[in-house]
Amino acid sequence: MLLLFPLSQLLAQSCTPPVETTVLGQAGPTEGPFWQQQLQFVRVRMAQAGTGPVVADRLRAHKLDPRRLEIFLRVIKTNRELEVWARNQGAGPFALLQTYPLAATSGKLGPKRRAGDRQVPEGFYEIDRFNPQSSYHLSLGLNYPNAADRALGEPDPGGDIFIHGGEVTIGCLPITDIGIEEVYLLAVAARAAGQGIIPVHIFPFPLNEKELAKRAASPHQAFWRGLMTGYTYFEQHHEAAELARLSVAGK
């Protein structure tokens with residue numbers, strides 16, 4: 001018989017004591033309605049059974065409590081990986097938790113501007129959908145097109161950009177089935193713990209003067225400089241800048 005437990009219960013059952021005492025039998029945020037809704041789906045249950053202990057061990061090693069978890073996701077295209085940063089709510093800046101190699105890429109450096117251009121977007125996004133029945137195992141949807149994309153893009157800027165499993169893409173971010181299981185469980189835990197906005201920042205390369213100078217002839221220079229505020233703020237503070245402080249300029 002297969003028994004499935006939320007991350008807080010996996011931590012409680014470990015031979016290693018959790019960072020904070022977990023009261024067995026007492027429901028916490030990671031055992032609440034959002035977890036229960038997600039665990040109705042077989043792929044989430046299987047991920048919880050197979051990958052859940054790995055995620056729980058990693059959280060424990062970083063002194064992270066799944067009942068207080070917040071995460072921040074970042075992609076720098078030239079690094080070809082998804083970064084997952086994490087912290088306990090109210091406990092200071094984010095710290096890098098894990099990186100996941102991109103299993104495939106498409107398009108070239110630069111923003112997505114129209115449907116069918118195979119581009120991966122660039123800019124400041126957030127998770128707006130949890131898809132436990134994805135064609136690519138599991139997936140997390142981005143709120144593309146956001147206001148900046150609609151203002152700067154073509155009349156039909158496209159849509160349906162996901163972080164997902166598998167190893168193929170025409171504009172999304174595939175991180176293999178095992179990779180998406182881990183990231184999906186982390187996102188569920190963070191949402192269940194009360195994180196309403198899970199940021200996802202996507203950049204073409206490290207946005208500093210040296211890297212921009214290498215691409216001085218690019219038509220995207222003005223746009224990339226518009227993203228520098230958010231990139232630099234996170235590099236300096238390991239906090240996501242308020243969206244009101246982020247500007248996007250040019251096409």
Side-chain angles (χ1 to χ4, degrees), residues 2 4 6-7 33-55 71-77 79-84 98-146 149-150 153-192 195-203:
L2 181 63
L4 303 166
L7 286 176
F34 191 68
W35 264 117
Q36 296 307 313
Q37 184 267 330
Q38 286 292 311
L39 288 171
Q40 294 177 21
F41 298 95
V42 64
R43 294 180 193 172
V44 180
R45 296 197 301 272
M46 296 303 294
Q48 184 73 347
T51 307
V54 175
V55 175
I71 63 173
F72 170 89
L73 308 182
R74 185 171 75 163
V75 172
I76 298 174
K77 288 181 177 179
N79 291 352
R80 295 176 63 97
E81 64 185 15
L82 171 72
E83 304 170 0
V84 178
Q98 186 71 2
T99 60
Y100 298 87
L102 298 180
T105 60
S106 68
K108 55 188 178 180
L109 297 184
K112 182 176 181 63
R113 288 291 178 250
R114 60 180 174 82
D117 63 7
R118 301 178 64 89
Q119 286 291 103
V120 175
E122 294 173 3
F124 308 106
Y125 302 97
E126 61 188 68
I127 299 298
D128 68 353
R129 285 160 287 173
F130 288 72
N131 185 359
Q133 297 178 305
S134 170
S135 298
Y136 300 97
H137 194 45
L138 299 166
S139 63
L140 298 166
L142 307 189
N143 66 327
Y144 174 89
N146 61 20
D149 298 315
R150 290 191 293 271
E154 301 295 331
D156 180 5
D160 289 335
I161 303 298
F162 290 86
I163 301 166
H164 61 63
E167 300 181 3
V168 297
T169 182
I170 53 172
C172 293
L173 298 164
I175 55 173
T176 75
D177 288 358
I178 293 297
I180 192 58
E181 286 186 1
E182 293 190 14
V183 176
Y184 195 94
L185 291 177
L186 287 166
V188 171
R191 179 58 54 85
Q195 185 178 5
I197 295 176
I198 299 176
V200 183
H201 290 186
I202 306 176
F203 302 108

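Every heavy atom of this structure was used, including side-chain atoms; hydrogens, water molecules and symmetry mates were not. Fair warning: this is a prediction, and the values are worked out from it, not measured in the lab.
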### Nearest-0.5 Å distance, CG of residue Leu109 to CD of residue Gln119
8.5 Å
### Summary
d(Ile180 CD1, Ile175 CD1) to nearest 0.5 Å is 4.0 Å
### Query
What do you reckon, is OH of Tyr136 surrounded by more than 12 foreign heavy atoms closer than 6.0 Å?
no
#### Entry: Pair Lys112 + Asp117: basic N to acidic O under 4.0 Å
yes
### Query
Yes or no on side chain to side chain contact (heavy atoms under 4.5 Å, CB included) for Leu138 and His164, after CA distance, side-chain angles and deciding distance?
CA-CA 6 Å; Leu138 299 166; His164 61 63; over 6 Å; no
#### Entry: Between OH on residue Tyr184 and NE2 on residue His137, distance to nearest 0.5 Å
10.5 Å
### Message
Just verifying a value: how many Å separate Arg118 CZ and Thr105 OG1, rounded to the nearest 0.5 Å?
### Response
10.0 Å
### Pairing of Glu154 and Arg114 as salt bridge, 4.0 angstrom limit
no
### Heavy-atom closest pair, residues Phe34 and Ala192
CD2-N, 4.1 Å
### Query
Is it true that a side-chain atom of Arg74 and a backbone atom of Val200 form a donor plus acceptor pair closer than 3.5 Å?
no
### Message
Between Tyr125 and Asp149, is the side-chain hydrogen bond (donor to acceptor under 3.5 Å, both in side chains) condition met? List the steps.
### Response
CA-CA 10 Å; Tyr125 302 97; Asp149 298 315; 2.9 Å; yes
### Query
Is the shortest side-chain N to carboxylate O distance from Arg43 to Glu181 below 4.0 Å?
no
### Task
Kindly give the heavy-atom pair with the smallest separation between Pro145 and Gly158, and that separation in Å.
CD-O, 3.5 Å
### Under 3.5 Å donor-acceptor, Asn131 side chain and Gly141 backbone
no
### Query
Less than 4.5 Å apart, any side-chain heavy atom of Phe130 and any of Val188?
yes
### Summary
Tightest non-hydrogen contact, residues Gly171 and Ser106, listed as N-OG, 3.0 Å
### Query
For the residue pair Ile127 and Leu140, what are the closest heavy atoms and their distance?
CD1-CB, 3.7 Å
### Message
Taking Gly196's backbone N and O only, do any of them form a donor-acceptor pair with Arg191's side chain (distance below 3.5 Å, no angle check)?
### Response
yes
### Task
Report the C-alpha distance between His201 and Leu73 in whole Å, list the side-chain angles of each, state the deciding distance to 0.1 Å, and finish with yes or no for side chain to side chain contact (heavy atoms under 4.5 Å, CB included).
CA-CA 6 Å; His201 290 186; Leu73 308 182; over 6 Å; no
### Task
Quick one: do Val84 and Val183 satisfy side chain to side chain contact (heavy atoms under 4.5 Å, CB included)? Show the steps, please.
CA-CA 8 Å; Val84 178; Val183 176; 4.1 Å; yes
### Task
To the nearest 0.5 angstrom, please state how far the CG atom of Asp128 sits from the CD atom of Glu126.
7.0 Å
## Note on the structure
Nearest heavy-atom approach of Leu185 to Ala47 is CD1-O, 3.6 Å
### Query
Between Val120 and Ile202, what is the shortest heavy-atom contact and its length?
CG1-CG2, 4.4 Å
### Query
So, Tyr144 side chain and Gly123 main chain: donor-acceptor pair closer than 3.5 Å or not?
no
#### Entry: Tyr100 and Glu182: side chain donor to acceptor below 3.5 Å
yes
#### Entry: Interatomic spacing from OG1 in Thr99 to CG in Leu82 - rounded to 0.5 Å
8.5 Å
### Query
Any side-chain heavy atom of Phe203 within less than 4.5 Å of one from Glu122?
no
### Task
Applying side chain to side chain contact (heavy atoms under 4.5 Å, CB included), run through Asn79 and Glu81 and close with a yes or a no.
CA-CA 6 Å; Asn79 291 352; Glu81 64 185 15; 4.1 Å; yes
